[in-house]
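Following: one structure in structure tokens, then a few remarks.
Letters A, B, ... are given to chains in the order of the sequence lines, protein chains preceding strands, and every chain is numbered from 1.
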Amino acid sequence: MRALMRAAWSAFEMSLRLRVVNPWTYLNWLVFPVIFAATGLFMLSSSGIDRVAYGVLGGGIIGFWSVAYLDGGNAIQDERWQGTLEQIFAVPAPLLVIVIGKIVSSVLLGLLAFIPTVALAYFGFHAVLPALDPLRFAVSLGVLTFSFFIISVALTPLFAVWRWAFTVLNGLELAVYGLCGFMFPVSQLPGWLQPVSYVLSPTWATRALYASASPSPNAGIAGWWLVALGLSVAYLALSVLLYRYVDVRARVTGELALA
Amino acid sequence: MTQVAVFARSTWLQYVALFQWATPLGYFAYKVVLPVTQIVFFVQLGVFATGPGNALYFALGNSLQLTANAGIFGVIATVSNERQYGTLPLLLASPANRLVTFMSRSFVNVLDGIVSVIFGLVVTALLYGLDLRTANLLLLGLCIVIISLTTAGLGLLFGSLGLVMRDSIIIANVVYYGLLILCGVNFPVARLPLVLQAVAYALPLTRGVEAARQAVRGADIGQVAGLLAGELLVGAIYAGLGYTLFRVLEGWARRGGLQEAY
């Protein structure tokens with residue numbers, strides 16, 4: 001167990017060092033959130049205080065997601081392009097442990113994405129979140145962080161064995177923003193699309209986050225936390241199977257570098 | 001004839017090389033799924049902000065902005081990819097005419113941008129009921145060609161930075177999404193602070209999008225001639241600056257051995 005912890009810590013430390021000097025990280029946690037928050041605030045600022053929260057927090061959630069999941073996926077692509085992906089599979093530490101170390105670093109950096117959006121909202125638009133409930137907000141943010149972490153961990157093996165997986169999921173990026181209600185409620189989506197949203201854990205965590213920053217009280221928030229956590233645990237269970245499959249497939253086909 | 005052949009070959013190879021990373025599924029996701037989801041996402045955000053009556057405004061704006069995907073990302077990537085894959089020194093050492101090489105980098109992306117906008121308009125018509133029966137289609141077509149040319153002009157300017165800069169594709173991301181805020185795509189330019197309005201009118205797309213919106217409402221060319229002339233002027237200035245910068249940075253890259261610095 002100690003050896004696994006040490007492997008995860010090393011992956012975390014190395015990954016964090018690489019991210020700090022990587023301009024893409026700054027694009028994702030600093031520039032993208034500001035751009036989306038500015039767009040949202042320009043569009044939403046005239047439509048009431050409830051909706052401004054979607055501009056203030058929406059850009060931050062998008063930036064958080066981008067760092068947590070896109071950077072995580074890119075970390076595997078980078079290993080492939082630098083010829084080190086095979087070594088990661090060959091070392092005694094399981095792939096899951098190394099991925100956890102990498103994703104923890106991206107999730108921690110991703111949390112920074114809320115700083116520029118809140119600053120932009122305050123200094124640029126004089127917009128604040130007057131009805132923020134600190135306790136509920138903190139718990140909701142924790143649940144959101146957990147759900148992003150689990151999704152990133154669960155999807156990463158796909159990026160390892162199929163190069164197309166990252167490009168396809170990258171193409172679905174804006175769809176994820178919409179399906180998970182990052183900048184507008186899921187109820188805005190067509191009815192036939194909403195069930196897809198409901199099986200995504202960030203949908204519930206995001207809903208809880210907005211509810212904790214809304215002036216209108218909402219009794220369902222604890223239930224949304226539980227649904228988000230439950231779905232995340234289900235993803236984790238499925239991902240264990242996926243990791244086993246990927247581990248075997250990588251060794252049988254020997255195509256990691258070519259995938 | 002030789003120059004034409006260089007231009008044609010260079011143009012084709014650049015488009016193929018631009019998508020070297022993509023499987024057919026990845027290409028589909030990038031060229032079809034991403035544009036559709038961009039339109040749908042910003043329409044839903046706009047409808048949430050202002051009500052369902054304005055859906056077409058957002059759909060049309062985002063359809064037109066899709067040209068920047070090719071004009072900005074595509075053009076910048078052609079130079080940055082040369083650097084990433086180690087072929088930039090070969091390009092700079094070749095005797096091919098620089099202007100031909102430079103213009104061929106944007107030509108295929110202009111065509112790609114036009115196709116992207118037409119695809120976006122089809123999606124808008126199917127999902128949001130865009131009715132073009134009263135539109136001035138010839139003028140709309142002209143607007144689409146012009147904004148595709150002018151955004152490629154801006155792409156050429158930033159693409160030149162790829163000669164000396166490792167991560168110029170990051171600039172593509174910033175410029176592409178910056179255009180969503182500044183160019184009247186999702187809300188009128190008049191809602192921006194005055195300083196940003198000045199920036200908006202110094203960028204391609206702003207006037208072109210405005211002209212295209214009027215063309216959809218049936219305006220004739222006389223009503224939008226000023227906008228289109230301004231749009232062309234802005235695009236020509238960026239392309240000219242881009243070519244100048246390309247030559248300056250080419251010299252700098254040669255002197256500093258920066259073509260292979262990675």
Side-chain angles (χ1 to χ4, degrees), chain A residues 22-28 30-48 50-52 54-55 58-59 62 66 77 81 124-125 162-190 193 259, chain B residues 19 21-52 54-55 57-58 62 84-85 127 165-182 184-193 196:
Chain A
N22 186 349
W24 284 99
T25 306
Y26 295 88
L27 180 78
N28 284 333
L30 184 63
V31 180
F32 270 159
V34 166
I35 288 173
F36 275 94
T39 308
L41 285 164
F42 274 121
M43 293 170 80
L44 293 160
S45 54
S46 58
S47 49
D50 267 4
R51 294 184 179 184
V52 166
Y54 284 89
I62 285 174
S66 297
Q77 287 283 44
W81 287 335
F125 293 83
W162 291 299
R163 189 178 58 171
W164 57 260
F166 187 68
T167 53
V168 169
L169 288 171
N170 209 3
L172 288 168
E173 190 62 9
L174 284 156
V176 172
Y177 301 169
L179 285 170
C180 295
F182 288 169
M183 286 193 81
F184 51 80
V186 169
S187 56
Q188 286 287 304
L189 296 171
L193 210 50
Chain B
F19 294 99
W21 50 268
T23 56
L25 196 57
Y27 183 83
F28 178 80
Y30 185 69
K31 300 302 286 186
V32 176
V33 177
L34 191 61
V36 172
T37 53
Q38 178 182 327
I39 293 169
V40 173
F41 175 79
F42 283 105
V43 168
Q44 295 304 332
L45 178 60
V47 166
F48 177 55
T50 64
N54 295 318
Y57 178 90
F58 304 107
N62 282 281
Q84 188 175 353
Y85 297 110
L127 295 182
M165 191 181 161
R166 188 175 58 179
D167 291 306
S168 59
I169 200 70
I170 287 181
I171 294 175
N173 278 279
V174 177
V175 174
Y176 181 82
Y177 286 101
L179 294 177
L180 282 174
I181 305 177
L182 294 168
V185 172
N186 286 309
F187 50 86
V189 176
R191 292 194 64 186
L192 292 167
L196 290 182

Step-by-step side chain to side chain contact (heavy atoms under 4.5 Å, CB included) determination, B/Leu45 to A/Tyr54: CA-CA 10 Å; B/Leu45 178 60; A/Tyr54 284 89; 5.8 Å; no
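- Between B/Asn186 and A/Phe42, every side-chain heavy-atom pair lies at or beyond the 4.5 Å cut-off.
- If you measure heavy-atom distances from A/Leu27 to chain B, the contacts under 4.5 Å come from the side chain alone.
- Between A/Met43 atom CE and B/Thr50 atom OG1 the span is 7.0 Å, to the nearest 0.5 Å.
- Taking the six-membered ring where the residue is Trp, B/Phe41 and A/Tyr177 present perpendicular rings, their angle passing 60° and hence far from 30°.
- Note on B/Leu34, B/Ile170, B/Val33, B/Thr37: by heavy-atom pairs under 4.5 Å with chain A, the leading option is B/Ile170.
- Of all heavy-atom pairs between A/Thr167 and B/Gly26, the closest is OG1-CA, 3.6 Å.
- When the candidates A/Ala175, A/Gly124, A/Ser187 are compared by the number of heavy-atom contacts under 4.5 Å with chain B, A/Ala175 comes out ahead.
- Nearest heavy atom pair, residue B/Gln44 against residue A/Leu189, reads CG-CD2, 4.5 Å.
- Listed by chain and number, the residues in a side chain to side chain donor-acceptor pair (under 3.5 Å) with A/Gln188 amount to none (sequence neighbours excluded).
- Looking at A/Val168, both its backbone and its side chain come within 4.5 Å of chain B, counting heavy atoms on both sides.
- Options B/Ala49, B/Pro35, B/Gly51, B/Pro52 differ in how many heavy-atom pairs under 4.5 Å they form with chain A, and the most are formed by B/Ala49.
- Contact between A/Ile35 and B/Gly178 at its shortest, heavy atoms only, is CD1-N, 4.2 Å.
- If you measure heavy-atom distances from B/Phe58 to chain A, the contacts under 4.5 Å come from the side chain alone.
- By the side chain to side chain donor-acceptor pair (under 3.5 Å) test, B/Tyr177 is found to be paired with no residue, residues two or more places apart in sequence or in another chain being considered.
- Neither the backbone nor the side chain of B/Leu182 comes within less than 4.5 Å of any heavy atom of chain A.
- A/Tyr26 does not touch chain B: none of its heavy atoms, backbone or side chain, sits under 4.5 Å away.
- Inter-residue side-chain proximity for B/Val40 and A/Leu174 is flagged as unmet; no heavy-atom pair is nearer than 4.5 Å.
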